[in-house]
Amino acid sequence: MIHIKSPEEGAALFKALGSDVRIAIVQALLEEPDMSMNELAGKLNITAGALTGHVKKLEECGILRVSTEGAGHGNVKRCCVAPEKILIELQPKSRKKNTWQVSLKVGQFSECEVWPTCGMASKDALIGELDDVRYFSHPDRFGADILWIGRGYVEYTVPCFIPPGSRIDCITVSAEISSEAPGVNEVWPSDISFSINGVLLGKWTSPGDFGNRRGRLNPEWWHDSLNQYGFLKMLTVSKEGTFIDGRKLSDVTPEELSPDVHKGLRLRFSVDSDSEHVGGMTLFGRSFGNYEKDIEVRMDYSQAAENG
């Protein structure tokens, strides 16, 4: 089941379903589950090339699951509908939430371990040299609005100015992310892991490093052969578990993260060497990509008196 708790959280899914062709794809797979891409294209009377982009959007938001199997003439991709149902909550909760929210620039990481291909840039210029990991410790990194790594991690210390003794009920993280290919590559899967305070929340597979068109916010000097845009992903850790864009990743809840209001939270984005798809990671800030925002973290909390 995909559980969406707000219109904002479901934006990617709503956009993916806002197409007659993609609705037809879902309907066809409901009628005849587990079709190959060629079978699906034939049923819908569209080219395989046109189908690929639509399937990618539906896979990205969790509507479709695409698997690859070997065959005599190469690999065959098969598609099926992933969730049995979608639950969308539109009515706000009756109790007003206590909320702390903060935005972090992508260069504001407190710790990192990076392998090429890699680099950073502010809205005005590249920071240092491409593929030179030393610049990830350069003071200019704090002004970075985009960064990319071939593998490794970046970790952010998220300040937590909620009242002492309060309980964190929900943590929401949003950021624009994609894979990192040498140059750009539309089909370049990468398993990106998310963790807080050393606890793995789950993994999301980015389908590619996109350069088929320029990112809406990219400065004029940014070269067309570099990373252009990503997906806006929303990670939610609540009492029901951890979700990405409403799709469940794990059973991890805020209580398991041992949050400390004095030390803040340690938020890590990583591409691990032992993952199935080691395809790097790009993080976009407010001056790059398609979304004018940095890494945003929101904490909903209950004060001591409310905890009873």
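The model shown is predicted, which means the values in this text are computed figures rather than measured ones.
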> Leu51 versus Ile25: any side-chain heavy-atom pair under 4.5 Å?
Replying inline: yes
> Sequence neighbours excluded, which residues qualify as ring pair (Phe, Tyr, Trp, His ring centres under 6.0 Å) partners of Trp222?
Replying inline: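 So Trp222 forms a ring pair (Phe, Tyr, Trp, His ring centres under 6.0 Å) with Trp148, Phe288.
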>> Holding to ring pair (Phe, Tyr, Trp, His ring centres under 6.0 Å), I want the full list of residues that pass it with Tyr153, two or more places apart in sequence or in another chain.
In response: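 Scan of Tyr153 (ring pair (Phe, Tyr, Trp, His ring centres under 6.0 Å), adjacent residues dropped) gives none.
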>> Tell me whether Arg216 forms a cation-pi arrangement with Tyr229, defined as NZ or CZ under 6.0 Å from the six-membered ring centre and within 45 degrees of its axis.
In response: no
>> I'd like to know if Arg266 and Glu111 make a salt bridge, using a cut-off of under 4.0 Å between side-chain N and carboxylate O.
In response: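 No, no charged N to carboxylate O under 4.0 Å.
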> Taking NZ, NE, NH1 and NH2 as the nitrogens, is one of them in Arg286 or Asp294 under 4.0 Å from a carboxylate oxygen of the other?
Replying inline: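 The answer is yes: the pair qualifies as a salt bridge.
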For the residue pair [X] and [Y], confirm or rule out a side-chain donor-acceptor distance under 3.5 Å.
X      : Y      : answer
Ser225 : His223 : yes
Ser258 : Asn197 : no
Asp145 : Ser287 : yes
Glu255 : Thr253 : no
Lys77  : Ser36  : no
Asn227 : Glu180 : yes

For a quick test of your reading: what N or O donor-acceptor pairs under 3.5 Å do the side chains of residues 133-140 make, sequence neighbours left out?
residue: Arg134; atom: NE; partner: Asp132; partner atom: OD1; Å: 3.0
residue: Arg134; atom: NE; partner: Asp132; partner atom: OD2; Å: 3.2
residue: Arg134; atom: NH2; partner: Asp132; partner atom: OD2; Å: 2.7
residue: Ser137; atom: OG; partner: Arg134; partner atom: O; Å: 2.9
residue: His138; atom: ND1; partner: Asp140; partner atom: N; Å: 3.0

> Would Thr157 and Ser110 count as a side-chain hydrogen bond (donor to acceptor under 3.5 Å, both in side chains) if you check the C-alpha gap in whole Å, the side-chain angles of each, and the deciding distance to 0.1 Å?
Replying inline: CA-CA 6 Å; Thr157 298; Ser110 52; 3.0 Å; yes
> So, the side chain of Gln228 versus the backbone of Leu226: is there a donor-acceptor pair under 3.5 Å, distance only?
Replying inline: yes
>> Thr172: which residues meet the side chain to side chain donor-acceptor pair (under 3.5 Å) condition with it, sequence neighbours left out?
In response: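 Testing Thr172 for side chain to side chain donor-acceptor pair (under 3.5 Å), a comparison that skips the adjacent residues, returns Arg298.
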>> Run the side chain to side chain donor-acceptor pair (under 3.5 Å) test against Ser270 and tell me which residues pass, sequence neighbours left out.
In response: Asp272
> Mind checking whether Phe109 and Tyr156 have parallel, tilted or perpendicular rings, split at 30° and 60°?
Replying inline: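 Ring orientation of Phe109 relative to Tyr156: perpendicular.
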>> Quick one, Asp169 with Lys239, criterion salt bridge (charged side-chain N to carboxylate O under 4.0 Å, His left out). Give me CA distance, side-chain angles, the key distance, then yes/no.
In response: CA-CA 7 Å; Asp169 300 314; Lys239 63 181 182 180; over 6 Å; no
Review item, side-chain donor-acceptor pairs of residues 53-67, under 3.5 Å, at least two apart:
residue: His54; atom: ND1; partner: Arg22; partner atom: NH1; Å: 3.0
residue: Glu60; atom: OE1; partner: Trp204; partner atom: NE1; Å: 3.4
residue: Glu60; atom: OE2; partner: Lys233; partner atom: NZ; Å: 2.4

>> Just verifying a value: how many Å separate Phe14 CZ and Ile86 CD1, rounded to the nearest 0.5 Å?
In response: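 If we round to the nearest 0.5 Å, Phe14:CZ and Ile86:CD1 are 8.5 Å apart.
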> Given Leu235, which of Thr242, Val297, Ile196, Asp245 fulfils the side-chain contact (heavy atoms from CB on, under 4.5 Å) condition?
Replying inline: Thr242
